[in-house]
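A quick write-up on the structure given underneath.
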There are 2 protein chains.
Amino acid sequence: MNFNQLKFVREASRQDFNLTEVANAVFVTQSGVSRKIKELEDELGVEIFQRRGKRLTGLTEPGKQLLPVVERILLDAENLRRMAEQFAREDVGRLDVATTHTQARYALVPIIKTFRARFPKVHLALHQGNPNQVADMVGQGEADIAIATEALDAHPALVTFPGYRWHHCVIVPAGHDLERASKLTLEMLAEYPIVTYDPQFTGRSHIDKAFAAKGLAPDVVITAMDADVIKTYVDAGFGIGIVASIAFDRARDQHLRQLESGHLFEANTTKLGVRKGAYLRNFALEFIHLFTPELERAKIQSTLKKYLANRDL
Amino acid sequence: MNFNQLKFVREASRQDFNLTEVANAVFVTQSGVSRKIKELEDELGVEIFQRRGKRLTGLTEPGKQLLPVVERILLDAENLRRMAEQFAREDVGRLDVATTHTQARYALVPIIKTFRARFPKVHLALHQGNPNQVADMVGQGEADIAIATEALDAHPALVTFPGYRWHHCVIVPAGHDLERASKLTLEMLAEYPIVTYDPQFTGRSHIDKAFAAKGLAPDVVITAMDADVIKTYVDAGFGIGIVASIAFDRARDQHLRQLESGHLFEANTTKLGVRKGAYLRNFALEFIHLFTPELERAKIQSTLKKYLANRDL
DNA sequence: TATCCTTACGGAATTCGTAAGCATG
DNA sequence: CATGCTTACGAATTCCGTAAGGATA
């Protein structure tokens, strides 16, 4: 039994049991993967993968039981490396943050600025995706930290911490009728074509919920994954926009006006998620602390340690 | 990083950091061990072991943090093998039971008889030792199941299940004065020289505690690790004996008489312990069930699973 | 027929024991 | 000086990519 065999098994389960894909993903030849997997199956005396003829089609019953343990071993192996690096080069390393456009473009900017100043030797990589992709990236160990408003809590492999709360706002072209409204209502918004986020993104679920609760069917004419695109279409006169208020910048968005709508939509909480059982470097803990300043560091650490060490050796 | 490197590291911590001993324990040459450990340290970029000149003297700070993870990886690797074997050869395998003389010689006999009939293809190995040794054997993965009355709860790596309760009894040579006593008291026992268990064994602590509570200083003239030896000396007239009542056999011990003393000493509970986080074969679970018949099997399984799977992958 | 897995072959890389060297207590 | 660790060397083993073969959809 060796780590490569285990790695191939895990990767096979991730690559839909296509060993050719596994080979590409781990940069070896397909024949090598095939051989190593068979070696492991021979050593253990059970077939891990179900086969139809020569193709792998899924996990066998033993395979289903073994896979979680395989994943745990590989995670621990990774943990060993990180723990060692923490000692070897305390403030040097790499932090992979998976997040959505909105967070990367607006909310994380000051946090990252502070982080960079504090840890100039840490290479910080931002990975963008929709909230589900963001969660998966961390769930699979491709990134260390996930930041998004949606989807993180639903991922079984993640622990989450609440970050900042924010509201949506309405944006309109300068001179729009709604600018003169004293207080916005959902009924008023429903009168106009709306440009807002894609269903998976940035609190869109709260927008839909608010309209649905009043029995309104808003006329959403364009959806996009980020506020920059939305603002572009609002500016071009396609309708009024609903975006995260943090995405509006009076200086930059001179043709647009921001209307308060905190009373219309439920507040959103942006969350941070990390993989259960994963060891985090010191600078990663510091990043989490920057994101959730009200949580003291010891609390963060003890929560993570619970998952890392709770097997009571 | 490979499993042998990790194995050598673990073994070094067990063999008091003597790599020559490690080499003997794992059947390779000392130079190989030395090299592999250095390889791992180089790869991780930290020294795991503290060195004075060329000798290893202990773990470094990083080493202390890494070791538990190393142990966990190796335990999981072993778990993989067992899980696979469980599927490959359902009722074939090996069960290593570590226990004390008293349990092996008396209490376990019927359990093992039933077990053997149910699993004729399982090789059952009994390892004897004192309760601390028994606990350690399981703690280190040398045995699967520990059975003893003492010490198991104190071992941090073990989960324990309560088995049967039993009492001590007093044994005397036929015709002894005490045979005519209507009801034994500790004061009466303290009048005679006593032959009983070694301090670590078989509920001896309860015996001492009972005398101490009354301020009595019993005259323990001979101690032994098992009832057979004790009975021999009682028979030879060295004193009265205090042994587990299960160890008295009227037919075999014709020259001796058993006197009830359940009211004098606290009852003992023999416990069974297994290593936290270790996967147990089906027949091992069955063995536990035979030992604790009142606990239903599902309860046992869920307790063990808690430790095996509680990292929520 | 295109895709995917297995297997034989052989060069390359790794592994591991022997033996010599050196440090410690 | 006995014990214990490191290192150089070289034989043995293992690894892994190429390429051919066979199975599936």
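Keep in mind that this is a model prediction, so the values were computed, not measured. Naming: A, B, ... by sequence-line order, numbering from 1 per chain.
- Ranked by how close their nearest DNA chain D nucleotide is to the 5' end, Lys54(A) and Asn2(A) are led by Asn2(A).
- For dA23(D), neither phosphate oxygen OP1 nor OP2 lies less than 4.0 angstrom from any side-chain nitrogen or oxygen of Arg51(A).
- Residues Phe287(A) and Phe283(A) place their aromatic rings such that the two centres sit no closer than 6.0 Å.
- If you check residues 6-24 of chain A against DNA chain D, you find no residue with a heavy atom closer than 4.0 Å.
- With rounding to the nearest 0.5 Å, the separation of CD in Gln128(B) from OG1 in Thr100(B) is 7.5 Å.
- As a whole-Å value, the separation of Lys38(B) NZ from dT15(C) P is 17 Å.
- For Ser31(A) against dT18(D), a side-chain N or O and a base N or O form a donor-acceptor pair under 3.5 Å.
- In this structure, the CD atom of Gln5(B) is 11 Å from the C1' atom of dT15(C), given to the nearest Å.
- To the nearest angstrom, C1' of dG22(D) lies 18 Å from CZ of Arg52(A).
- For dT6(C), the base has no donor-acceptor partner in the side chain of Arg35(A) [N/O atoms by modelled type, under 3.5 angstrom].
- Between Glu85(B) and Val92(B), the shortest heavy-atom contact is OE2-O, 4.2 Å.
- Regarding contacts with the backbone of dC5(D), every side-chain N or O of Ser34(B) stays at 4.0 angstrom or more from both OP1 and OP2.
- Remark: P of dG21(D) and CD of Gln30(A) are 16 Å apart, rounded to the nearest angstrom.
- In this structure, Phe3(B) atom CZ and dT15(C) atom P are separated by 15 Å, rounded to whole Å.
- Each of Glu150(A), Gln200(A), His101(A) was scored for a side chain to side chain donor-acceptor pair (under 3.5 Å) with Asn130(A), with one residue passing: Gln200(A).
- Nucleic acid contact for Gly53(A): sugar-phosphate only, since backbone atoms but no base atoms lie under 4.0 Å from a heavy atom of the residue.
- Taking only side-chain atoms of Arg55(B), from C-beta outward, the nucleotide of dC5(C), dT24(C), dG17(D) with the closest atom is dT24(C).
- In terms of heavy-atom proximity, Ala25(A) sits nearest to Glu11(A) at CB-OE2, 3.7 Å.
- Across dA25(D), dT15(C), dC16(D), the shortest atom-to-atom separation from the side chain of Lys36(A) is found for dC16(D).
- Atom CE of Met1(A) is surrounded by more than 12 heavy atoms from other residues, nucleotides or ligands within 6.0 Å.
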